[in-house]
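For clarity, every value in this text was computed on a predicted model and none was experimentally measured. To find a chain, count down the sequence lines: A is the first, B the second, and so on, and within it residues start at 1.
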Amino acid sequence: MRCRGIRHMSINHHLQCISLLRDCKTLSHLKQIHAHASKTGLDADPLIAGKLLLLAATTLADALDYSRRLFSHIPSPDPFMYNTLIRGLSESDHPHHSLLTYNQMRRDSVPPDSFSFAFVLKAAANCKSPNVGWQLHSHVIHHGFESHLFVGTTLVSMYAERGCLASARKAFDDIPQPNVVAWNAIVTACFRVDDVEGAERLFERMPWKNSTSWNVMLAGYTKAGELGSARSLFLSMPNKDAVSWSTMITGFASNGLFGDAFGFFRELLREGCRPNEVSLTGVLSACAQAGALESGKILHAHIEKAGLGSIISVGNALLDMYARCGGILMASRVFDWEMEKKSIVSWTSMIAALAMHGYGEEAIQLFHKMEEHRMRPDGITFISVLYACSHSGLMEQGHKFFQEMESTYGIERSIEHYGCMVDLYGRAGLLDKAYEFITNMPMKPNAIIWRTLLGACSIHGNVRLAEHVREKLSELDPSDSGDYVLLSNIYAVAGKWKDVASVRRSMSEQRIQKTPGWSSIEVDKVVYTFVASDDISDVKEEAHKKLTEVMLRLKMEGYVPEIMSVLHDVEEEEKEDAILRHSEKLAVAFGLARMHGESVIRIVKNLRICPDCHTVMKLISKVYKREIVVRDRSRFHSFSEGSCSCRDYWEQLKS
DNA sequence: CTAGGGTTAG
């Protein structure tokens, strides 16, 4: 009788436990259930243990460590349990651990099945080291799974991730009857290695297509910069879904074609589609990049009306849009009042926003506030914090954060963090210290590191070190036009005209094209982009006319063009003409012509503002009594009453 | 329990 009683009770417990697990939503909840199960010995039940593990490894957030501990207490895990853990770890931040679990499975003589391979290959795709992929492929063949549809498809996408098109193709050919998913994976593999024609051929040959097939083509075209093909394919698509629209919006925005990105968004609304969080973040990112504050504000109203403001990614994109459009107050308002839920991205974005606007101290304060809210910083948070320190000259603080991020926070320092330190020392003028720091780095310095030091050489006019850096850069990345421009400016400032000419010569010998500079300005919710080129348009002519008038007035106020920074082997008059054509000058002139006297003129430039334009902006702010905000490649410049918020970074260049 | 497309921070 007693025995039956216990048995009866345990069945009840069993059912109760399963029903509890079904409603389990958080890690602490799971821990309670687990404790409860251990008390009654139910945690040894394979079904319960499996369900606990599945929840911890795949469904719940932040429960992966717990799932590994759970797993370690299971005496003889069945294949399902191994697979569950392999799966959970494969999508984690440490895909490497997934491979370790797979190895353990083999050591424990539990034969891997098709599920094990599908999961572990995904881990390999997310993993850095290239050799594991080949090894796993040989295991797949050894166990006879190479013709398995799912395993084969994962192999294809793993090789696609690696950029090994030939291997991806072999894996694809091993699949006897590839379905549409497998076809989409091999098309993606072609785009990954920029084989657009290969992708097109496969797309034609596909026995049948779903909407993803078309979307893969759209994404591939936009990533390859073939926007014309993307557009015409999009027009010919039978069924455009939400992803198709988002792909077009983000694809055009990431190629700098913000007007087209807005256009697709408007079209989406016209077609009666409801924008989702992805299309909204895409179009907000276009506003952010173009500096289109007015358009961004309209979207903000749209988002509030549609009640989408509570979606974290939308809030993050909104905050970022305001920050990049110079609206730091609006950005902090969104952050403080409109985002009920915040993620690490929200906090990091706000820290970066403050840093971008030169509020280094406030950025650090916010970092500490974030800690009080028990939000754990990640590697990117530290990039923003270090950026804040270097742009506000907070040397001690920056140094401390750099030390603590590893010792106290346990975050591995990446090359980007080292780059921030080079920038910190370099901006402060400690060039030798920056150089020494680079030589003692635990990893090989890349071109970005040296380029940062070259930038510092340019600020502080150090020709000797710049020449040394030039050699490093010519080994690592000899085709970056920005490096040549920077170097020739350093020579020009030092009056070394022969060297300027030689840099210029090597540029043309190696057929290196300067990155075309553009500046954009939003007037009446329309974004106008100016490029220093020979083409003519009505808008450009209007800007040019106004600019001539402005420059005349500035000259009467005593302005002398700074032609030093312009390449030196052209005639004086041509030089003046060249700096007159700078896109930021055209944009500001256009703003003066078209915008009424009270409004702030906001300009976005894709490169760094040139010293002459910087001076001109200061003068205009004084003579015309206008506030001008220029966002360039690295920061905001806010001009008013003849001075700039960047504390005249450029003055050092001239002295 | 499995595979493919679009997403914000540097």
Side-chain angles (χ1 to χ4, degrees), chain A residues 50-51 53-54 57-59 79-88 90 113-122 125 148-158 160 175 178-189 191 209-220 222-223 241-251 253-254 276-285 288 311-321 323-324 343-353 355-356 377-388 414-417 419-420 423 448 634:
Chain A
K51 285 206 182 291
L53 189 66
L54 186 64
T58 64
T59 316
F80 171 84
M81 293 170 184
Y82 281 101
N83 291 347
T84 303
L85 190 62
I86 291 172
R87 174 191 181 187
S90 73
D113 58 16
S114 64
F115 292 90
S116 322
F117 282 119
F119 297 138
V120 79
L121 284 168
K122 185 152 197 176
H148 188 280
L149 180 60
F150 284 15
V151 175
T153 306
T154 327
L155 262 174
V156 172
S157 55
M158 181 201 71
I175 304 173
N179 65 1
V180 68
V181 180
W183 278 96
N184 291 344
I186 190 68
V187 172
T188 308
F191 279 121
K209 299 169 181 128
N210 60 9
S211 66
T212 300
S213 317
W214 265 278
N215 292 339
V216 167
M217 292 302 288
L218 295 181
T222 60
K223 276 181 194 135
D241 64 10
V243 176
S244 324
W245 287 102
S246 306
T247 307
M248 294 308 275
I249 292 167
T250 55
S254 63
N276 65 6
E277 71 268 28
V278 181
S279 53
L280 273 170
T281 48
V283 75
L284 278 168
S285 149
I311 298 172
I312 297 189
S313 63
V314 172
N316 291 343
L318 203 54
L319 148 59
D320 184 57
M321 181 278 294
R324 283 174 198 270
S343 69
I344 183 63
V345 176
S346 327
W347 288 91
T348 303
S349 304
M350 194 62 224
I351 291 171
M356 247 191 275
D378 66 6
I380 298 157
T381 314
F382 277 98
I383 290 176
S384 299
V385 170
L386 292 173
Y387 172 95
S414 70
I415 196 154
E416 286 87 356
H417 298 105
C420 289
D423 194 47
I448 298 168
S634 72

Residue I383(A), side-chain atoms from C-beta onward, closest of dG6(B), dG10(B), dA3(B): dG10(B)
Options dG5(B), dA3(B), dT2(B), nucleotide nearest the side-chain atoms of L149(A): dA3(B)
For atom CE of M217(A) and atom C1' of dG6(B), their distance in whole Å: 16 Å
Main-chain N/O of S279(A) paired to N276(A) side chain as donor or acceptor, under 3.5 Å: yes
Candidates dG4(B), dG10(B), dT7(B) - which lies nearest the side chain of N210(A): dG4(B)
Whole angstrom value for the distance that separates P of dC1(B) from CZ of F80(A): 7 Å
Any K122(A) side-chain nitrogen or oxygen under 4.0 Å from OP1 or OP2 of dG4(B): yes
Side-chain N,O (R324(A)) to OP1/OP2 (dG10(B)) below 4.0 Å: yes
Side chain to side chain, I312(A) and V345(A), heavy atoms closer than 4.5 Å: no
d(CG, N215(A); P, dT7(B)) in whole Å: 12 Å
Sugar-phosphate, base or nothing in reach of V216(A), heavy atoms under 4.0 Å: sugar-phosphate
Between C1' of dA3(B) and CE of M158(A), the distance in whole Å: 14 Å
For atom CG of L54(A) and atom C1' of dC1(B), their distance in whole Å: 7 Å
Donor + acceptor pair across side chains of N316(A), S313(A) (<3.5 Å): no
Distance-only donor-acceptor test (3.5 Å): side chain N179(A), base dA3(B): yes
Nucleotide of dG10(B), dT7(B), dG5(B) approaching I380(A) most closely (side-chain heavy atoms): dG10(B)
Parallel, tilted or perpendicular: ring planes of F150(A) versus H148(A), cut at 30 and 60 degrees: perpendicular
Touch class at under 4.0 angstrom, heavy-atom based, for N276(A) against every strand present: base
Distance in angstrom units between L85(A) CG and dC1(B) P, rounded: 18 Å
Sugar-phosphate, base or nothing in reach of S313(A), heavy atoms under 4.0 Å: base
Polar pair under 3.5 Å, donor/acceptor by atom type, side chain T247(A), base dG6(B): no
Out of dG4(B), dG6(B), dC1(B), whichever nucleotide has its closest atom nearest the side chain of R87(A): dC1(B)
Any donor-acceptor pair under 3.5 Å from N215(A) side chain to L218(A) backbone: no
Length of the line joining L386(A):CG and dG10(B):P, which is rounded to integer Å: 14 Å
Side-chain (S90(A)) to main-chain (R87(A)) donor-acceptor, under 3.5 angstrom: yes
H417(A) side chain to G379(A) backbone, donor-acceptor under 3.5 Å: yes
Sugar-phosphate only, base, or nothing, as touched by D241(A) at under 4.0 Å among non-hydrogen atoms: base
Nearest-neighbour nucleotide for the D378(A) side chain, dA9(B), dG10(B), dG4(B) considered: dA9(B)
Candidates dG10(B), dG6(B), dT2(B) - which lies nearest the side chain of E416(A): dG10(B)
Nucleotide nearest T348(A) when distance is taken to its side chain, options dG5(B), dA9(B), dA3(B): dA9(B)
side-chain N/O K223(A) vs dG5(B) OP1/OP2, d < 4.0 Å: no
Interatomic distance where CH2 belongs to W245(A) and C1' belongs to dG5(B) [whole Å]: 17 Å
Pi stacking test for F115(A) and dC1(B): under 5.5 Å apart, planes under 30°: yes
Per A352(A) side chain, nearest of listed nucleotides dA3(B), dA9(B), dT2(B): dA9(B)
